[in-house]
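To keep things clear, I will list the structure first and then write my remarks on it.
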Amino acid sequence: LTEPPVYCSINGCPAMTASNFSLLNGKAKSGKTFFLGSIIASMLDNVGQLNTIQGSLPSDKRKILYFDTEQSHYHAVRTVKRICSLTSDPNPANLIAYSLRPFTPAERLSFIEAKISKTPDLGVVAIDGIRDLLTLGINDEAEATSLTSKFLKWTSEYNIHLILILHQNKNDLNARGHIGTECLNKAETTISISKDKSDIFIVSCEYSRDKSFDDFGFTVEEGLPVAANIPAEGQKKALDPQVIPDENHIQTLNLIFKESRKLCGPDLQEAIKYHYHVGIIKSRDYVYHYILKNWIAKEREGKNIYYA
């Protein structure tokens, strides 16, 4: 077996390859669509964007399908025009975009599947808002598994890369639901986008099957994303839980368990990641620290494990 061709690299790291999918996530208005636009623009003409993104689609895989599931027709068109303005061609022939807001989740999914199967020379498919492909919502396990299986089928069968955006809820404890968990387990690269107090968007590689890229930032000037330095106070620091004062931990735990006295492991780790700006591996250190301090306890209900 040979390594799959790299369709997009970020900071020199192979972030998006053929026959795989990547996941972009973050809070509402955190810059996900702006960042996705920069990725697509880079792939359209294989020119760098934001001093970090480099598209490299092969000559026989240059077509890109872009599906917007949630914006109004006006805002969807504005997003696509912004992508085009980042390239050397104001109307690139290899970009085909659709606004699917008026349709039902089932109709959207069927439409996307049909276009993927009938588009020649297809290299990349971007879906801005996979939550809107779910009829039963983000927490239905069977539907989440079925949809993720379709993603795997499409990428393998058509040798494409699929870029997915999952909009998180305002409640940090249930930001991604079952569909997020499924995508997280199967994605080649998971990228989070957040916004700091100085209005700089921070892009971080949360998980990668290859080398992870370092955090970088961008801002928006005159409607277009522009590379920006991350302020020192905005850079993520993977602090050990032992160096954080106990009162800070207690305060955070009170927030995490405010709505429910017990949480499953993934929800607890997501909350820790959100509050402390750490990755999934470091979040486990926090869980162990809390157990050793007797601040939380592990409980089993049948086959399920909860933290109370």
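Side chain of Arg261 to backbone of Ala308: no donor-acceptor contact under 3.5 angstrom is found. Remark: the backbone N or O of Ser208 is not paired with any side-chain donor or acceptor of Glu188 at under 3.5 angstrom. In this structure, Thr119 contributes its side chain and Leu122 its backbone to no donor-acceptor pair below 3.5 Å. Under a 3.5 Å cut-off, the side chain of Thr148 and the backbone N or O of Ala144 do form a donor-acceptor pair. Using a distance-only test at 3.5 Å, with no hydrogens or angles considered, no donor-acceptor pair links the side chain of Thr52 to the main chain of Asn11. A donor-acceptor pair under 3.5 Å is absent between the side-chain atoms of Ser110 and the main chain of Glu107, judged by distance alone. Counting only distance, with no hydrogens or angles, the side chain of Arg131 and the backbone of Gly137 share no donor-acceptor pair below 3.5 Å. Checking side-chain atoms of Asp267 against main-chain N and O of Leu263 turns up no donor-acceptor pair under 3.5 Å.
Taking every heavy atom of both residues into account, Lys29 and Lys32 meet most closely at N-NZ, 4.4 Å. In terms of heavy atoms, Glu206 sits closest to Ser192 at OE2-OG, 2.8 Å. Shortest non-hydrogen contact noted between Cys183 and Ile130 is SG-CD1, 3.9 Å. Closest of all the heavy-atom pairs between Ile193 and Ser30 is CG2-O, 2.9 Å. The minimum heavy-atom distance between Pro225 and Phe218, with the atom names listed, is CB-CD1, 3.9 Å. When all heavy atoms are compared, the tightest approach of Thr69 to Gly129 is OG1-O, 2.7 Å.
Relative orientation of the Tyr276 and His249 rings is tilted, given thresholds of 30° and 60° on the angle between their planes. Using bins of under 30°, 30° to 60° and over 60° for the plane-to-plane angle, the ring pair Phe213/Phe216 lands in the tilted bin.
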Discussion item. Test side chain to side chain contact (heavy atoms under 4.5 Å, CB included) on Phe257 and Ile296; report intermediate values, then the result.
Written reply: CA-CA 10 Å; Phe257 286 91; Ile296 64 174; 4.0 Å; yes
Discussion item. Under the criterion ring-ring contact (aromatic ring centres under 6.0 Å, His included), I'd like the reasoning laid out for Phe35 against Phe201: C-alpha separation, chi angles, the key distance, then a yes or no.
Written reply: CA-CA 9 Å; Phe35 180 62; Phe201 300 101; over 10 Å; no
Worksheet item: Yes or no on side chain to side chain contact (heavy atoms under 4.5 Å, CB included) for Val124 and Ile40, after CA distance, side-chain angles and deciding distance?
Response: CA-CA 9 Å; Val124 175; Ile40 294 175; 5.8 Å; no
Practice prompt. Quick one: do Ser22 and Thr190 satisfy side chain to side chain contact (heavy atoms under 4.5 Å, CB included)? Show the steps, please.
Written response: CA-CA 6 Å; Ser22 53; Thr190 300; over 6 Å; no
Fill in: side chain to side chain contact (heavy atoms under 4.5 Å, CB included) between Trp154 and Val125, intermediate numbers included
CA-CA 10 Å; Trp154 296 342; Val125 175; 6.0 Å; no
Item to complete: Applying salt bridge (charged side-chain N to carboxylate O under 4.0 Å, His left out), run through Lys293 and Asp246 and close with a yes or a no.
Response: CA-CA 10 Å; Lys293 286 279 192 176; Asp246 285 358; 3.3 Å; yes
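Side-chain contact between Val47 and Thr87 is absent, with no heavy-atom pair separated by less than 4.5 Å. In this structure, Ile39 and Cys8 have side chains that are in contact, with non-hydrogen atoms separated by less than 4.5 Å. Side chains of Lys115 and Phe111 form a contact here, defined as non-hydrogen atoms less than 4.5 Å apart. Residues Lys61 and Asn159 form a side-chain contact, since some pair of their non-hydrogen atoms from C-beta on lies under 4.5 Å apart. Looking only at side-chain heavy atoms (C-beta outward), Leu253 and Gln251 stay at 4.5 Å or farther from each other. In this structure the side chain of Lys195 never reaches within 4.5 angstrom of the side chain of Ile200, judged on heavy atoms. Arg101 is not listed as a side-chain neighbour of Glu70, based on a closest heavy-atom distance of 4.5 Å or more. Side-chain contact between Asp140 and Leu134 is absent, with no heavy atoms from C-beta onward closer than 4.5 Å.
No hydrogens or angles considered: a donor-acceptor pair under 3.5 Å links the side chains of Ser204 and Asp215. In this structure, a donor-acceptor pair under 3.5 Å is absent between the side chains of His161 and Thr155. His178 and Thr181 form no side-chain donor-acceptor contact under 3.5 Å, judged by distance and modelled atom types alone. No donor-acceptor contact under 3.5 angstrom links the side chains of Gln54 and Ser42, judged on distance only. No hydrogens or angles considered: nothing links the side chains of Ser99 and Gln71 as a donor-acceptor pair under 3.5 Å.
Geometrically, Arg82 engages Phe34 in a cation-pi contact defined by less than 6.0 Å to the ring centre and at most 45° from the axis. Geometrically, Lys153 does not engage Tyr158 in a cation-pi contact defined by less than 6.0 Å to the ring centre and at most 45° from the axis.
Shown here is Asp214, whose CG atom has no more than 12 heavy atoms of other residues, nucleotides or ligands within 6.0 Å. The environment of Asn229 atom CG is sparse: at most 12 non-hydrogen atoms of other residues, nucleotides or ligands sit within 6.0 angstrom. Counted within 6.0 Å of CD on Glu299, heavy atoms from surrounding residues, nucleotides or ligands total more than 12; the atom is thus considered enclosed. For Glu113, the CD atom is densely surrounded, since the number of other residues' heavy atoms within 6.0 Å is greater than 12. Sparse packing is recorded around CD of Glu3, with 12 or fewer heavy atoms of other residues, nucleotides or ligands lying under 6.0 Å away.
Note: the hydrophobic cluster containing Leu23 does not contain Met43 (ILVMFWY, side chain heavy atoms under 4.5 Å, direct or indirect links). No continuous path of ILVMFWY side-chain contacts below 4.5 Å connects Leu136 to Ile127, so the two sit in separate hydrophobic clusters. Residues Ile191 and Phe21 are members of separate hydrophobic clusters, defined by side-chain heavy-atom contacts under 4.5 angstrom among Ile, Leu, Val, Met, Phe, Trp and Tyr. When hydrophobic clusters are built by joining Ile, Leu, Val, Met, Phe, Trp and Tyr residues whose side-chain heavy atoms come closer than 4.5 Å, directly or via intermediates, Ile83 is grouped together with Leu57. Residues Val77 and Ile165 do not share a hydrophobic cluster, clusters being chains of Ile/Leu/Val/Met/Phe/Trp/Tyr side chains in contact below 4.5 Å.
Atoms OG and CG, on Ser56 and Asn46 in that order, are 6.0 Å from each other to the nearest 0.5 Å. Here the CG atom belonging to Asn20 is positioned 8.0 Å from the OG1 atom belonging to Thr189, to the nearest 0.5 angstrom. Residue Tyr288 holds its OH atom at 9.5 Å from OG of Ser283, rounded to the nearest 0.5 Å. Between Arg62 atom CZ and Asp121 atom CG the span is 10.5 Å, to the nearest 0.5 Å. Atom CD1 of Ile305 is separated from atom SG of Cys264 by 11.0 Å, given to the nearest 0.5 angstrom. The NZ atom of Lys186 sits 13.0 Å away from atom CG of Leu164, with the distance rounded to the nearest 0.5 Å.
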